[in-house]
Amino acid sequence: MENLKLDAKLSLQEPAHLYYGGAWVPPLEGKYEDTFNPGTGERIGSVATASRADVDAAVAAAKEGFEVWRDVVPLERARILKEIANLLRKHGDELAMMDAANCGNPYTEMRGDAAIAAAQMEFFAGLVTEMKGDTIPMGPERINMTLRQPMGVVARILAFNHPFMFCGGKMAAPLAAGNAVIIKPPVQAPLSSLRLAELIDGLLPKGTFNVLPGGVEAGAGLAEHPDVAKVTLIGSVPAGRAVMRSASDTVKPVLLELGGKNALIAYPDSDPKKIADAIVGGMNFGWCGQSCGSTSRAFLHVDIHDAVISHLKAAVERYKPGIPTEPETTMGAIVSRTQFDRIMDFIESAKSEGARAVTGGHAVTEGALAQGNFVAPTIFADVTPQMRIAREEIFGPVLAVRKWSDEDSMLNEVNALELGLTCAIWTRDLVTAHRTAARVEAGFVWVNEVGRHFLGAPFGGVKQSGIGREEGIGELISFTHEKNVHINLSGQ
């Protein structure tokens, strides 16, 4: 068997199998699919595709793992999770290179992802004793209390833009709470999740951590399965709706982190150059705008609009598409040809509808990039609310700039969409900042900041951008059941 064709030294062999019950298992129906490098177009290797029969087998193994793991005392669970965090740091460069080759984001950005995953693992390991219950006064001879107990088997369905960060980070809270976890990695970039299974093999009871690469069949199978206690998704709104429908048959809870068409609002007292830098930074051009939290709509007050526009070209210059695995690359590749074509269709629609390209607006095909999926960082001005780029999530390096003068009209437009994940507000006035933060319909708001997540601060959206919150103690608690216990001390 040959190793998968990657730029890092890896032990994953081709074909890559499923991982559950502490073992590498060929798919029961024998299905494998090729995975590719979106920066070069080259085939990396073949990866197993889980069927519903594989889901059944993996869930059965996870149930067995759960029955062992739930009884491991909290501080011992924490010790094991911290050991996993150390492994994530030790192999961070390797995992970053793997993700760069498989999902198209730059190696330098993916190194940060590995560090974040390790930090999230340590964070939730430190919270294992915080799953506390309450006592409720009932008078003499009575004790009433609540307990927090793990739910069982948790399925986490991941997105392609941060494959390893989502795998290494999102397994942390349910494991800390005492659950078993089944990871369904993204179809486009499954390799780093499988590599993580290799790295931590033997640290957890068999069946406690499982990886099931696969497509819609595997995702639906996990969401519908009666022995899966909770299912979570990071993905598109249509995918979130599908998961909710599948989960409804067994009335299981869901945690959904879905799309965003997020606003950056600049008031007239803002510094134009800082706003230009914030627009570029908030768009996450490094990973080609493939981020649900990207502030892809910039609302600039008429007094500073032209000055901000004049700074944008210089602000975006550091982002130049390049081969993702090369350390000097600052902007990667679109994850797949399908997504590339979708983004180019949005760009053409913006031009035909009358938007003005401030920068970019074209594919990049020169030299070594000819076989990859590369789009120049693109900013459109003169955008109107009716244009597709003003209304629909593109999930690509395309930003729409709007000019505003009336605050109420602007906020109505900001809130008009069905999505509400993030919002960035820029102003030097404290009253304006508080008032606007209260009025925007978003789950995560920055003031004079953009793009950053803060470990311990709850992240999630409103409206159709999702259900639930992650990255704080609430995420940990959400993977537990609350049980009430009433004790009569006066005898039978």
Side-chain angles (χ1 to χ4, degrees), residues 5-10 35-42 44 88-89 91-118 158-169 185-186 188-193 195 277 279-296 315-337 339-340 343 359-360 363-379 394-399 450-453:
K5 296 177 177 63
L6 286 158
D7 291 343
K9 185 179 179 182
L10 306 169
T35 189
F36 295 89
N37 182 329
T40 64
E42 295 175 339
I44 296 174
L88 303 189
R89 285 203 172 86
H91 294 270
D93 285 354
E94 169 194 329
L95 291 159
M97 187 64 74
M98 177 174 276
D99 267 356
N102 202 198
C103 83
N105 288 334
Y107 164 71
T108 49
E109 298 282 1
M110 295 296 94
R111 289 181 68 190
D113 275 12
I116 290 169
L158 307 182
F160 62 73
N161 50 337
H162 300 282
F164 179 72
M165 185 180 79
F166 287 151
C167 181
Q188 303 91 336
L191 298 182
S192 58
S193 296
R195 177 59 176 150
D277 291 338
I279 286 173
V280 172
M283 192 55 221
N284 297 317
F285 280 121
W287 47 95
C288 299
Q290 295 175 119
S291 172
C292 55
S294 293
T295 44
S296 55
V316 85
E317 277 184 354
R318 70 175 297 266
Y319 294 102
K320 292 181 172 64
I323 298 299
T325 52
E326 294 180 356
E328 63 272 19
T329 293
T330 57
M331 182 176 179
I334 306 301
V335 71
S336 68
R337 200 67 190 179
Q339 183 66 6
F340 171 88
I343 292 166
T359 186
V364 179
T365 58
E366 291 82 11
L369 308 187
Q371 302 304 313
N373 308 321
F374 296 96
V375 177
T378 299
I379 299 174
I394 301 171
F395 220 69
V398 183
L399 183 137
V450 69
R452 294 183 62 193
H453 290 227

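Please read these numbers as outputs of a predicted model, since none were measured by experiment.
- Atom CG of Asn373 and atom CD1 of Ile343 lie 9.0 Å apart (nearest 0.5 Å).
- Residues that satisfy the side-chain hydrogen bond (donor to acceptor under 3.5 Å, both in side chains) test with Asp99, not counting sequence neighbours, are Ser192.
- Using a 4.5 Å cut-off on side-chain heavy atoms (C-beta onward), Leu191 and Met98 make contact.
- Residues meeting the side chain to side chain contact (heavy atoms under 4.5 Å, CB included) test with Pro324, sequence neighbours left out: Ala100, Ala333, Phe374.
- Under the 4.5 Å side-chain criterion, counting only non-hydrogen atoms from C-beta, Leu158 is not in contact with Pro163.
- For the pair Gln371 and Glu42, the minimum side-chain heavy-atom distance is 4.5 Å or more.
- At least one side-chain heavy atom of Val335 sits less than 4.5 Å from a side-chain heavy atom of Gln290.
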Derivation and outcome, side-chain contact (heavy atoms from CB on, under 4.5 Å), residues Ile44 and Asn102: CA-CA 8 Å; Ile44 296 174; Asn102 202 198; 3.7 Å; yes
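- In this structure, the side chain of Gln188 does not engage the main chain of Cys103 through any donor-acceptor pair within 3.5 Å.
- Remark: the backbone N or O of Ala376 is paired with a side-chain donor or acceptor of Thr378 at under 3.5 angstrom.
- Ser291 is linked by a side-chain hydrogen bond (donor to acceptor under 3.5 Å, both in side chains) to Asn284, counting only residues two or more places apart in sequence or in another chain.
- Residues Glu366 and Leu369 are not in side-chain contact: their nearest non-hydrogen atoms beyond the backbone lie 4.5 Å or more apart.
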Distance-only criterion, 3.5 Å: show the donor-acceptor pairs between side-chain atoms of residues 315-323 and protein atoms not counting sequence neighbours.
| from | atom 1 | to | atom 2 | distance (Å) |
| --- | --- | --- | --- | --- |
| Lys320 | NZ | Glu317 | O | 2.6 |

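- Considering all non-hydrogen atoms of both residues, Ala101 and Pro38 come closest at O-CD, 3.5 Å.
- Summarising the geometry, atom CD1 belonging to Ile394 is positioned 8.5 Å from atom CG belonging to Leu399; distances are rounded to the nearest 0.5 Å.
- To the nearest 0.5 Å, the span separating SG on Cys288 from CD on Gln339 amounts to 10.0 Å.
- Residues satisfying the side chain to side chain contact (heavy atoms under 4.5 Å, CB included) test with Ser296, not counting sequence neighbours, are Lys261, Met283.
- Between Ala159 and Pro186 the shortest heavy-atom distance is O-CG, 3.4 Å.
- Remark: the backbone N or O of Asn161 is paired with a side-chain donor or acceptor of Asn105 at under 3.5 angstrom.
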Do any side-chain atoms of residues 106-116 form donor-acceptor pairs under 3.5 angstrom with protein atoms, and if so which ones, sequence neighbours left out?
| from | atom 1 | to | atom 2 | distance (Å) |
| --- | --- | --- | --- | --- |
| Arg111 | NE | Asp93 | OD1 | 3.0 |
| Asp113 | OD1 | His162 | ND1 | 3.4 |
| Asp113 | OD2 | His162 | ND1 | 2.7 |

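- No side-chain heavy atom of Ile334 sits under 4.5 Å from any side-chain heavy atom of Trp287.
- With sequence neighbours excluded, the residues forming a side chain to side chain contact (heavy atoms under 4.5 Å, CB included) with Phe36 are Asp34, Arg43, listed by chain and number.
- Partners of Phe395 by ring pair (Phe, Tyr, Trp, His ring centres under 6.0 Å), not counting sequence neighbours, listed by chain and number: Phe160.
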